[in-house]
Each structure stands twice: as structure tokens, then as C-alpha cells.
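So you know, we letter chains A, B, ... as the sequences are listed, proteins then strands, and number each from 1. No hydrogens, no waters, no symmetry mates; every other heavy atom, side chains included, goes into these values. Predicted model, so just to flag it, every value in this text is computed and none were measured.
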Protein chains: 2
Amino acid sequence: MRILVADDDAQLLRALRITLAARGYEVLTASDGAEAIDLVANGHPDLVLLDLGMPRIDGLDVIRAVRAWSGVPILVLSGRTDSAEKVEALDAGADDYVTKPFAMDELLARIRARARQSATGDEPAATTRIGDLVVDLAAKTVRRDGETRGGASVRLTPTEWRLLELFLRNPGRLLTREMLLADVWGPYHRNDAGYLRLYVSQLRRKLEPVPAEPRHFLNEPGLGYRFEP
Amino acid sequence: MRILVADDDAQLLRALRITLAARGYEVLTASDGAEAIDLVANGHPDLVLLDLGMPRIDGLDVIRAVRAWSGVPILVLSGRTDSAEKVEALDAGADDYVTKPFAMDELLARIRARARQSATGDEPAATTRIGDLVVDLAAKTVRRDGETRGGASVRLTPTEWRLLELFLRNPGRLLTREMLLADVWGPYHRNDAGYLRLYVSQLRRKLEPVPAEPRHFLNEPGLGYRFEP
DNA sequence: AGCGGGCGTTAGGGATCCGTGAGGACCGGC
DNA sequence: GCCGGTCCTCACGGATCCCTAACGCCCGCT
């Protein structure tokens, strides 16, 4: 999550950088409008914190310039409290408006709200490659590499998806029999190792280039299984 | 654009209804939390204005209940100005927070901002081709390819439109039974899989070239349905 | 060599899920 | 009151999936 902070107040800029970095955000900074526009274009931020009172280019023009080509969420910071200015900024394309001085925890909460919005909106498709197959867990699709359309090349059953999901979420890690059985079939089937043998076999048949010589779904005798990307 | 206004203050409710209606919005109203949840489920609003201080069900619980199954934008109105309450509401899933008393033009601007957010999403897919049919979600029409004039070749019922809309907005992705049921019939019908079977069947009969061999509305047994363009 | 445990695979049977038709309940318009 | 449209309930044949049982195979142990 990368945030661009644009403000001409160096002290506030520094405070925001520190606070945001401490929350795990990646921070870009700009101190005037031109720099802000440039960094939106070339820095690819996921969210913009924009002060309206910056030199060289008016904040409203920054919003309009950005909105001409980008849909990145814009959260406006401003000292002005009159509603006319808020209306102008929001109608120019801003997504939220906070007046200074502001409570930091409120600002952070509003940032989280905007981050949610972009998280659900655009999905770079959390996708994993297995040989020449591409697995998309969210869309529940497995397509042959290169084929972006046309029905899914491979169909998996619900149980197969649950098992595959566990493997893909823990790449390279050893997953014990009990862990896998408890997560897929529930805690009362920790001893039914036969289920695992059967479904791992089916996953290999559908996903391994050479099912007889597994290279991604590996067995560790006596322990469990491991997924190697 | 349909807006649900939930507030226990009858006078404010009436003022908002009149103001919003004058701006061309369709307005639904609720005066307590339970009614609000019910209307989100069955009224299919595009935006929710929610007062936090309502009887019967706490406002925060309303947010959580709605967020459990719907992504509709929620704009909170509240008399409380302390930032802790704002943070709670925003983190529960609200998209914006306005404190009473508020300036009406600011509220309207924030409503427009939220409306943009949901509107920009569907523009690129305003029209979709299914076989030799062309579906226009905005105009709610289905015409045979080539015929630009004349009445719609195919008529769909309101429920069929809601279902079709979900499919067209998520092309290629698997939509689970629960997701579809919750979005079309509300969260209290997550188990009525029979509804889905029936209406998918009707969509296929009206939209598939060969209803008996569906190529666009596909079923994944045990999981849900998938729309393939 | 003989044996036993863990592993991979195959082949059904029973349960669940799906597609579709018919018909009743409800509503607004004429 | 009548009627067309929409939504929902119910029922049943067929498709799909999950689980059980059984059979080789490999490897380490006796």
C-alpha cells in the first residue's frame, strides 16, 4: 500500500511520513502541486493525501489534472472549513475531505476506508503459476498459460479447491497430515489419511505436467505434503 | 440512483427525503436499525445514509450486518464528534462519516462522491454481448445484434435483471451460491438454493443460444455459477 | 526373503446437487 | 371481478461429487 502525501508544510509532511511508515505504509512525498501530479503519474500510489493550499498549482487543479486520467482515491486535507470549498473539492473528484487540525486516528481510519475501496475495486488477480497453468483462487479458475479467455482448461471440485487453497497459501512450507485434514475435512477426520492420498492424487492428475512424477505437490513420508511453486 | 436514509429523527428524515428527492434521487426511509437492514436487503439501495443513534439495533451493528454480505456505500450521520466513534464506524465498514449538524451542500457533495465511486465501476461494461444478443445494463434492454431499433427482443423480470447484473459485472469469475443469494434475495435467504436454480434456468432460456447446452451461464457443482462472455 | 506400514491409484455406491416443469399466492391495471 | 405478470413452492429424473473399499508399489525392518 503506497501513499502519496502532498503538503507544503514541511513539519506536517514529516509527521505524516513517520506516522504512516510506522503503520506499514510506503510513503511518497511532494511539496507542491506540480510535484504531486508528477508523482501520481510516475510513483503509482494507491492513495493520495492532498493539501489544498499548496504553491504553484492550486489544489483543485491538481485534483482535476489527476482525475483526467487516474481513479486513485484522493483524500483532501485543508485548513479551510467553509462548506463551499469542500463541495468544490469533492465535486472536482476528491473522495474525502478532512479539515485541519485533524485527529490522527480519524485520518488513519479514513485512509483505511479508502484503502478498502480500492482493494475491492481493482484486483491484480492474486494468481499462482503451476508449470504452464495459471491458478486464480479468487475467480476459482485454472487456465493454460497464455489463454486469457475460453472456458477454464481445468475443472476442480469444491474439496479439491479447499485443498489447493491451503497449498497455495503456504508455498514451500510443509503441511502436516493433521493440519490438512483438519482444515479441509474438519477436526473429526484427523486420522483419515486416505482422504488426503486420494485428493492429492486428483490434484496431481489435474495440475501436474507429469502426474506420475510430481514436481509441485510433494510428499514427505510420515509427515505430510509440501507445495513447491 | 436509490438512497436509503435511516434515522430515528422523523423531522430530519422528512427533510432529507424532500431534499434528496428534489435532486432526482429515489429515496427509501427507515427509522430503526432492523428496518434499515431489511431495506438494504430487499430495497437494493445504491447508497445508505445511516444515523448511528437509532433504537433497537446499534448503528455499528447495522454496519457490520450489512457489510457481512453487501458492499453498498455507507455514509454515517452522527451527533457524536469524538474521533473514537468515527474510527469505530469507519473500521466497521462505513465509507464516510459526517457529524450533525451538517451543511446540506456538503452532505450532497459527499453523496455525489460516493455515487461516483460506485458509478465509475460499471461504465466500461455498459453493454455486453451474449451470443448474438446485446445486453445494456443501464438501459435495461436486450436486443438482437444488429437491430438498433424496435422494442427489446427479450424481456427480463426485475429479479432476473438483478441476477444478470451480478453475472455481467463479474465475467469469468466464479460466484458462490451464497454470494448470489445474498445479493439478489438478501442475507436471510442464503440457503434457498432453489431460487437460484429456477432463475438461472430462466436466464438461460431467455439468453442462451441453446438453453439445454449453456455456454455462458455455467454451473460449478457444489460451488456456484460462472458467467463466460 | 518375508513382512508391514505408508503411499498412489482405480472402481463403484450412495448422497448431494442441479435442471426443469407444473401450479398456487400475490399484486396492480383494466 | 377478471387477468396478465411475477415470484415462489414442490416434485422428480439426471448429473456430479464424496467417500469407501480394494489392489499394487516402494521401502525399511526383522
Contacting residues from residues 168-181 of chain A, given that a heavy atom lies under 4.0 angstrom of DNA chain D: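 Heavy-atom contacts with DNA chain D come from no residue of residues 168-181 of chain A; none.
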Name of the residue among Leu75(B), Leu49(B), Leu77(B) meeting side chain to side chain contact (heavy atoms under 4.5 Å, CB included) with Val5(B):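 Single pass found, and it is Leu49(B).
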Measure the distance from [atom1] on [X] to [atom2] on [N] and round it to the nearest whole Å.
X         : N       : atom1 : atom2 : result
Glu208(B) : dT20(C) : CD    : C1'   : 15 Å
Leu218(A) : dG8(C)  : CG    : P     : 10 Å
Leu163(A) : dC19(D) : CG    : P     : 12 Å
Arg205(A) : dC7(C)  : CZ    : C1'   : 16 Å
Tyr195(B) : dC10(D) : OH    : C1'   : 12 Å
Asn191(B) : dT16(C) : CG    : C1'   : 15 Å
Arg215(B) : dG19(C) : CZ    : P     : 17 Å
Leu198(B) : dC12(D) : CG    : P     : 18 Å

Residues that His216(A) engages under side chain to side chain contact (heavy atoms under 4.5 Å, CB included), provided they are two or more places apart: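 In terms of side chain to side chain contact (heavy atoms under 4.5 Å, CB included), with neighbours along the sequence ignored, His216(A) is linked to Ile130(A), Glu208(A), Pro209(A), Phe227(A).
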Set of residues satisfying side chain to side chain contact (heavy atoms under 4.5 Å, CB included) with respect to Gln202(B), sequence neighbours excluded: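 Result, side chain to side chain contact (heavy atoms under 4.5 Å, CB included) vs Gln202(B): Glu160(B), Leu198(B), Tyr199(B), Arg205(B).
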Tell me, please, which residues at least two apart from [X] pass salt bridge (Lys or Arg N to Asp or Glu O under 4.0 Å).
X         : result
Glu228(A) : none
Asp192(A) : none
Glu106(B) : Lys86(A), Arg110(B)

Within residues 222-229 of chain A, residues whose heavy atoms come under 4.0 Å of DNA chain C: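 Nucleic-acid contacts, sorted: Gly222(A), Tyr225(A).
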Whichever of Arg197(A) and His189(B) has its nearest DNA chain D nucleotide further upstream toward 5':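 So the residue in question is His189(B).
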Report yes or no: does [X] contribute a side-chain atom to a donor-acceptor pair with the main-chain N or O of [Y] at less than 3.5 Å?
X         : Y         : result
Ser70(A)  : Val66(A)  : no
Asn170(A) : Leu166(A) : yes
Arg67(B)  : Gly93(B)  : yes

Report, one pair per line, the protein and nucleotides 3-7 of chain D atoms (nitrogen or oxygen only) whose separation is under 3.5 Å.
unit_1: dT6(D); atom_1: OP1; unit_2: Arg155(B); atom_2: NH2; d: 2.7
unit_1: dC7(D); atom_1: OP1; unit_2: Thr159(B); atom_2: N; d: 3.0
unit_1: dC7(D); atom_1: OP1; unit_2: Thr159(B); atom_2: OG1; d: 2.5
unit_1: dC7(D); atom_1: OP2; unit_2: Thr157(B); atom_2: OG1; d: 2.6
unit_1: dC7(D); atom_1: O5'; unit_2: Thr159(B); atom_2: OG1; d: 3.4
unit_1: dC7(D); atom_1: O5'; unit_2: Tyr199(B); atom_2: OH; d: 3.3

Closest nucleotide among dC7(C), dG19(C), dC19(D) to the Asn219(B) side chain: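 From the listed options, dG19(C) comes nearest.
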Sequence neighbours excluded, every pair satisfying salt bridge (charged side-chain N to carboxylate O under 4.0 Å, His left out) that has a member inside residues 38-54 of chain B: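 Residue pairs with at least one partner in residues 38-54 of chain B: Asp51(B)-Lys100(B).
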Sequence-aligned protein contact record of nucleotides 25-30 of chain D, with B where the base is within under 4.0 Å of a protein heavy atom and S where only the sugar-phosphate is: ------
Other residues, nucleotides, ligands: >12 heavy atoms within 6.0 Å of Arg173(A) CZ: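 Not more than 12 within 6.0 Å, no.
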Under 4.0 angstrom between Ser201(B) side-chain N/O and dT20(C) OP1 or OP2: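 Indeed, a polar side-chain atom of Ser201(B) lies that close.
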Pair Asp183(B) + Arg162(B): basic N to acidic O under 4.0 Å: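 No, this pair does not count.
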Partner set under side-chain hydrogen bond (donor to acceptor under 3.5 Å, both in side chains) for Arg112(A), not counting sequence neighbours: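 Once residues adjacent in sequence are excluded, the partners of Arg112(A) under the side-chain hydrogen bond (donor to acceptor under 3.5 Å, both in side chains) criterion are Asp91(B).
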Please tabulate, one pair per line, all N/O donor-acceptor pairs under 3.5 Å involving side-chain atoms of residues 28-37 of chain B, not counting sequence neighbours.
unit_1: Thr29(B); atom_1: OG1; unit_2: Arg17(B); atom_2: NH2; d: 3.3
unit_1: Ser31(B); atom_1: OG; unit_2: Glu35(B); atom_2: OE1; d: 3.3
unit_1: Asp32(B); atom_1: OD1; unit_2: Ala34(B); atom_2: N; d: 2.9
unit_1: Asp32(B); atom_1: OD1; unit_2: Glu35(B); atom_2: N; d: 2.9
unit_1: Asp32(B); atom_1: OD2; unit_2: Arg56(B); atom_2: NH1; d: 3.4
unit_1: Glu35(B); atom_1: OE1; unit_2: Ser31(B); atom_2: N; d: 3.3

